[in-house]
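Before any comments, here is the structure.
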Amino acid sequence: MTEGRRQKAEGRKGDSPIHRFTHSPFFIALWFAMLFLPFKGIEGAFVLFVVLLTTVFILRFLAGYIRPLKKRLQDAGTLIIQNAKCKMQNIGAKSLIFLLILLLCLPFFAKDYFIDIAILSGIYIILAQGLNIVVGLAGLLNLGFVAFYAIGAYSYALLNTKLGLGFWTALPASVLFSTVLGFVLAFPALRLRGDYLAIVTLGFGEIVRLVLNNWDSLTKGPNGIGGIQRPYLSDIPLGKLSYYYYFILLFVILTIFVVRRVYSSRIGRAWVAIREDEIASSSIGIDTTAYKLYSFAFGAFWAGVAGTLFAAKMQFVSPESFTFMESVLILCMVILGGLGSIPGVIFGSVILVMLPEMLREIQLYRMLALGSGLVLLMIFRPQGLLGRR
Amino acid sequence: MFIQQLINGITVGGVYALIALGYTMVYGILELINFAHGEIYMLGAYLGIIILGFFTAVGLTSYSLPLALILTFVLSTIFCASYGFTIEKVAYKPLRNAPRLSPLISAIGVSIFLQNYVMLTQGATDKVFPHVLENEGFEINGIRVTYIQLFIIAASAVLMIFLHIFITRTRMGKAMRAVAQDKVMASLVGINIDTVISMTFVIGSGLAAVAGLMVAMYYGLVNYSIGYIAGIKAFTAAVLGGIGSIPGAMFGGILLGLVESLSAAYISSEYKDAYAFIILIIVLLIKPTGLFGKSHEEKV
Amino acid sequence: MYLLEVRDITKHFGGIRALEEVRFRVKEGSIMSIIGPNGAGKTTLFNCLTGITKTTKGNIFFLDTEITALKPHNIVRLGIARTFQNIRLFKEMSVIENVMVSQHCRTGSGLVASVLRNNVFKQEEKTIREKALEYLELSGIEDFAEVTAANLSYGSQKRLEIARVIATEPRLILLDEPTAGMNPQETLEMMGLIKNLQGLGKTIILIEHDMKVVMGISENIVVLDHGVKIAEGTPEDIRKNPLVIEAYLGKEH
C-alpha cells in the first residue's frame with residue numbers, strides 16, 4: 001500500500017464512531033483494567049483504571065508536543081553518542097588508562113560486597129563477549145548458550161573435586177570440553193535456518209541442564225558440587241576477594257584484547273558478512289558452514305573460560321545456575337548494549353549485573369522490569385543502547 | 001500397562017496439540033516463535049482456579065456445577081483471547097518490519113513479564129485446583145480411564161475439528177491461509193492483514209486457555225512456571241509436524257504425548273522432559289521441515 | 001581455448017522445468033550474453049554455474065575441472081564470481097570492508113595470526129586494504145570507501161557489487177542484469193566498465209535485457225526460452241533469427 005492510500009484508509013477508519021471509541025483513553029484504560037481484573041481484584045483493577053486513564057490522557061495531551069520533542073531528543077541522543085565516540089577516539093588512550101587505574105584501585109576503597117559484584121560482572125563480560133561472537137557477529141541466535149557455560153563450570157568442579165586437578169591444569173581441559181561441545185552441537189544445528197537453530201540450541205541447553213540435574217552419581221544432581229578450590233598463582237592462594245578480583249580483571253582484559261583483534265581480522269569480517277547475507281557470502285568464497293562452526297566453537301570457548309572462573313569463584317556449582325533464564329539474561333546483556341559492539345556488550349553486562357543488586361528493595365519486581373524493558377527496548381531502540389545505526 | 005500409557009499419552013498429547021496450534025498459526029503468518037504463548041496457557045490454568053474459586057464463593061458451584069464449569073471455560077477463554085490480542089498489539093505489531101530477532105526478543109520479554117507477574121500476584125508455590133470433580137473413572141481389564149481424561153481427549157478432538165472447518169470453510173479462515181502464503185498479495189486483494197493477525201492470536205490464545213484449564217483439572221496443581229516447559233514442548237510438537245501446518249501440529253502434539261508417556265514408562269522417567277528435545281533434534285536433522293512441512297528453497 | 005563448458009544441464013523445480021539440456025561453451029577473454037524473456041531460466045543458470053542451486057542432470061566444466069557438484073565457495077576459489085540481480089551487499093559494512101571481505105578466499109590468516117598480529121598478518125592486512133582501494137578505483141567508487149554500503153546510491157551499489165566480484169580474483173565473471181534500472185548515461189559507463197574488465201583479461205557472461213548493451217558489447221549470445229536454448233550466435237545472427245523474434249514477440253509477427 002502506498003503511504004497516501006494508507007493514510008486515507010486510516011483516516012476513514014478514524015472517522016467511524018467505533019474506531020474513535022476503541023481508541024479513546026477511557027476504552028484503553030478500561031480494557032487493560034479488565035485484563036488485570038482476575039489477578040488484581042476489583043479494587044486493584046479500579047486503581048489501575050484510574051492510573052491508566054490519567055496516563056493516557058496526559059500522553060494524548062502531550063502527544064502534539066512529544067513528537068517534535070522525541071525527534072529532538074533522538075537527535076540529541078545520537079549527537080551525544082557520536083560526540084562521545086569522537087571524544088573516545090581522541091582521548092581514547094587517556095580515558096582507558098584512567099579507567100584501568102580506577103579498576104586497579106577499586107579494592108582499596110570499595111567494600112567487599114562491591115568487589116563481589118565487580119567479579120561477577122567480569123565473569124559475565126567474558127560470557128557475553130562469547131555469545132556476542134555467535135549472535136552479534138555471525139548472526140546465529142543461540143538460546144542455549146548457558147550449556148557451554150555449564151560445561152565449563154562442571155568440568156572444573158569435577159576435575160578439581162574428583163581428580164584433584166588444580167585450576168591451571170583444569171582450565172585448558174574444561175575450556176577444551178566446552179569448545180568441543182560447541183563443535184558437536186554446531187555440526188547438526190547449522191543445517192537449520194534461523195528460528196529452528198534457536199529452538200534446537202534451546203533444547204540442547206535444556207538437555208544439558210537435565211543431565212546435570214539427574215546424573216546423581218556424577219554431579220550429585222540438584223544438590224550441586226561444593227568444596228571447589230580457588231586457583232593458586234604459584235604459591236599464593238587467590239582466596240582473598242581482592243586477589244580474585246585482579247585475577248578476573250586480568251581475564252577480562254585478555255578476553256577483550258583477543259576478541260577485539262579477531263573482530264577486525266579476516267575471520268571477523270567473514271562472520272559479519274555471513275550475518276549480513278549468507279548467500280552473498282558463499283558467492284564471494286566464504287565457506288559459510290565452516291565459519292558458522294568456528295563462531296559456535298569460539299563462543300563456546302569463552303563460555304568455558306567464564307564457567308571455570310565462575311566455579312572457582314563460587315566454589316560451588318548446581319544446575320540451578322544454568323537455566324534457560326540464564327541464557328536469556330546473557331542474551332539481554334548482548335542486546336541491551338548493542339549487538340556486535342564490544343563496549344556495548346561490556347556496558348550491557350555491567351548494567352544487568354549491577355541493577356538488580358542495587359535495586360535490592362524492589363528485587364521482586366526486577367524480572368517484571370526486565371521483561372517489559374526488553375519489549376520497550378525492541379520497540380524504541382532495537383540496536384541497543386550503544387549500538388550504531 | 002502399554003494401553004494405559006497409550007491413553008495417558010493421548011490425553012497429554014491432546015493438550016500439547018491444542019497449544020501447538022497457536023504456535024503454528026502464528027508462525028505460519030508472522031514467522032515468529034511466539035514465546036509468550038506458553039504463558040497464555042499458564043494464565044488459562046490460573047484463571048480457571050480464580051474464576052472457579054469465585055463461583056464457589058458466590059455459591060454457583062453448589063447450585064449447578066456444570067453451569068459453573070461451562071462459565072469458567074468460557075470466561076477464561078475470553079480473557080486469554082484478550083491477552084493474546086493485546087500482546088500482539090503492544091509487543092509485536094510495532095515490530096512488524098523490524099529484523100527477525102526483534103519480535104523474538106520482545107516475545108521473550110512478554111513471557112518473562114507474564115511469568116513473574118503471576119508469581120508476584122499468585123505466589124511462587126503450587127496452587128491447588130478447586131476440588132469440584134471427583135477423580136472418578138472406570139476400569140476395563142485393569143486399564144483405568146478417568147472421566148477427565150475422556151473429557152480432555154473429546155474436547156481436544158472437537159476443538160481441532162472446529163478449527164479445521166473454520167480454516168477451510170469460512171471467509172476468515174481462507175483469509176488466514178492467504179495471508180500465511182503471501183501478505184502482499186493478500187492485502188492487494190483486499191484482506192485486512194491486521195484483522196487476520198489479531199484473529200490468529202485470539203484463536204490460538206483461546207485454544208491455549210482451554211488446554212491450560214483442562215491440564216489444571218487433570219493434574220489438580222498449577223504453578224507459574226508450567227507455561228515455559230509446556231510451551232517449549234508444544235513448540236516441539238509444532239516443529240515435529242512441520243511448523244505452519246495445522247494438521248502437522250495436531251499430529252505432532254499427539255505423537256509427542258505418546259512418546260513422552262511411553263518412554264517415561266519404559267525407559268526412565270527422570271529424563272521425561274528431555275525426550276521432547278531429543279526427538280526434536282533428531283527430526284530436524286533428518287527432515288528439517290518437519291513431518292508435514294513443505295521444503296522451500298531460498299530465492300536468489 | 002574454452003574456459004567454461006556447460007554440457008546438457010537440466011534443472012527441475014518440482015514439476016517446473018527451469019532448464020532443459022542447455023549446452024554452450026565460453027571462450028577465454030570473451031564477453032557472452034544470455035538473453036531471453038522473463039522466466040526463461042537465466043538466473044537459474046547462473047545459480048547452477050555458481051553452485052547455489054544443484055543441477056538435476058548434466059555437467060559443468062571450468063578449465064577441464066568438473067564443478068557441477070562443488071560448493072559455492074569452492075567454485076569462487078577456482079575463479080568464477082557473480083553479481084546478483086537484486087543487489088546483495090553486506091549492508092551494515094562499509095564499502096571498503098565489502099571489498100576486503102571479498103578477498104577472503106585469496107587470503108589465509110588464521111585465528112592465531114589474527115590474535116598475535118605477526119608480520120605475516122600485518123603484511124596481508126596491508127595488501128588486502130591496498131587491493132581493495134585499487135578495485136574501488138577500478139569501479140569508480142573510491143570516494144565512498146568509508147561509507148556504509150546501505151547508504152550508497154543505486155548505481156554505486158551496482159558498482160560495489162562489481163568491485164566485490166573483482167576482489168575474488170576471478171577468471172570468469174557472471175553479471176546478472178548489470179544495467180537494470182540505470183539511466184542511459186549510467187548504462188554507458190557500466191558498458192565501459194565491463195569493457196575494462198575484459199581488457200584485464202577477464203571472461204564475462206552477462207544476463208541483460210537492454211538490447212543496446214547486448215548487441216554493443218557481446219561477441220556471442222545465447223538465447224533461452226522456457227529453459228531451452230533456442231539460439232546461439234553473434235549479435236548479427238541473433239538479430240535475424242526467426243526463432244528469437246518469435247520468442248520475444250510471439251508467433252504473429
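The sequence lines fix the lettering, A, B, ..., with proteins before strands; numbering per chain opens at 1. Every value quoted in this text rests on a predicted model; they were computed, and no experiment measured them.
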Would you indicate whether the side-chain heavy atoms of B:Thr86 and A:Phe32 approach each other to under 4.5 Å?
yes

Is it the case that over 12 heavy atoms from other parts of the model lie below 6.0 angstrom from the CZ atom of A:Phe46?
no

Side chain proximity check, B:Phe35 to A:Val328, heavy atoms < 4.5 angstrom
no

Less than 4.5 Å to any heavy atom of chain A: does that hold for the side chain of B:Ala91, its backbone, both, or neither?
both

Could you tell me which of A:Leu374, A:Asn214, A:Ile379 has the largest number of non-hydrogen atom pairs under 4.5 Å with chain B?
A:Asn214

CE (A:Met378) and OH (B:Tyr92) are apart, to the nearest 0.5 Å, by 13.0 Å

Rounded to the nearest 0.5 Å, the OG atom of B:Ser111 sits from the CZ atom of A:Phe324 at a distance of 7.0 Å

What distance separates B:Ile278 CD1 from A:Leu210 CG, expressed to the nearest 0.5 Å?
9.0 Å

Evaluate the ring planes of B:Tyr46 and A:Phe39, with Trp represented by its six-membered ring, and classify them as parallel (under 30°), tilted (30 to 60°) or perpendicular (over 60°).
tilted

Can you name the closest pair of heavy atoms from B:Ile112 and A:Met325 and give their distance?
CD1-CE, 3.7 Å

Region of B:Phe54 in contact with chain A, defined by heavy-atom distances below 4.5 Å:
neither

Side chain, backbone, both or neither of B:Tyr275 within contact of chain A (heavy atoms, under 4.5 Å)
neither

Please look at B:Ser102 and chain A and tell me whether the side chain, the backbone, both or neither of the residue comes under 4.5 angstrom of a heavy atom of that chain.
both

With a 4.5 Å heavy-atom cut-off, do B:Ile281 and A:Ile207 have their side chains touching?
yes

Between B:Leu101 and A:Leu339, is the side chain to side chain contact (heavy atoms under 4.5 Å, CB included) condition met? List the steps.
CA-CA 11 Å; B:Leu101 196 59; A:Leu339 271 175; 3.5 Å; yes

A:Leu368 and B:Tyr117 have their tightest heavy-atom pair at CD2-N, 3.5 Å

For a quick test of reading the model, state the closest non-hydrogen atom pair linking B:Ser82 to A:Leu35 and the distance between them.
CB-CD2, 3.5 Å

Neighbour count above 12 (heavy atom, 6.0 Å) for A:Phe183 CZ
yes

So, taking the atom named CG in A:Leu143 and the one named CD1 in B:Ile232, what distance separates them when rounded to the nearest 0.5 Å?
8.5 Å

Pairwise side-chain contact, A:Val375 with B:Phe113, heavy-atom cut-off 4.5 Å (strictly under):
no

With a 6.0 Å cut-off on ring centres, are A:Phe204 and B:Phe277 close enough?
no

Could you tell me the separation between the CG atom of A:Leu336 and the CD1 atom of B:Ile105, rounded to the nearest 0.5 Å?
11.5 Å

Greatest number of non-hydrogen atom pairs under 4.5 angstrom with chain B, of A:Leu377, A:Val211, A:Leu37, falls to A:Val211

Interface moiety of B:Val184 toward chain A, non-hydrogen atoms closer than 4.5 Å:
neither

Could you tell me which non-hydrogen atom of B:Phe79 sits nearest to which non-hydrogen atom of A:Met34, and how far apart they are?
CE2-O, 3.1 Å

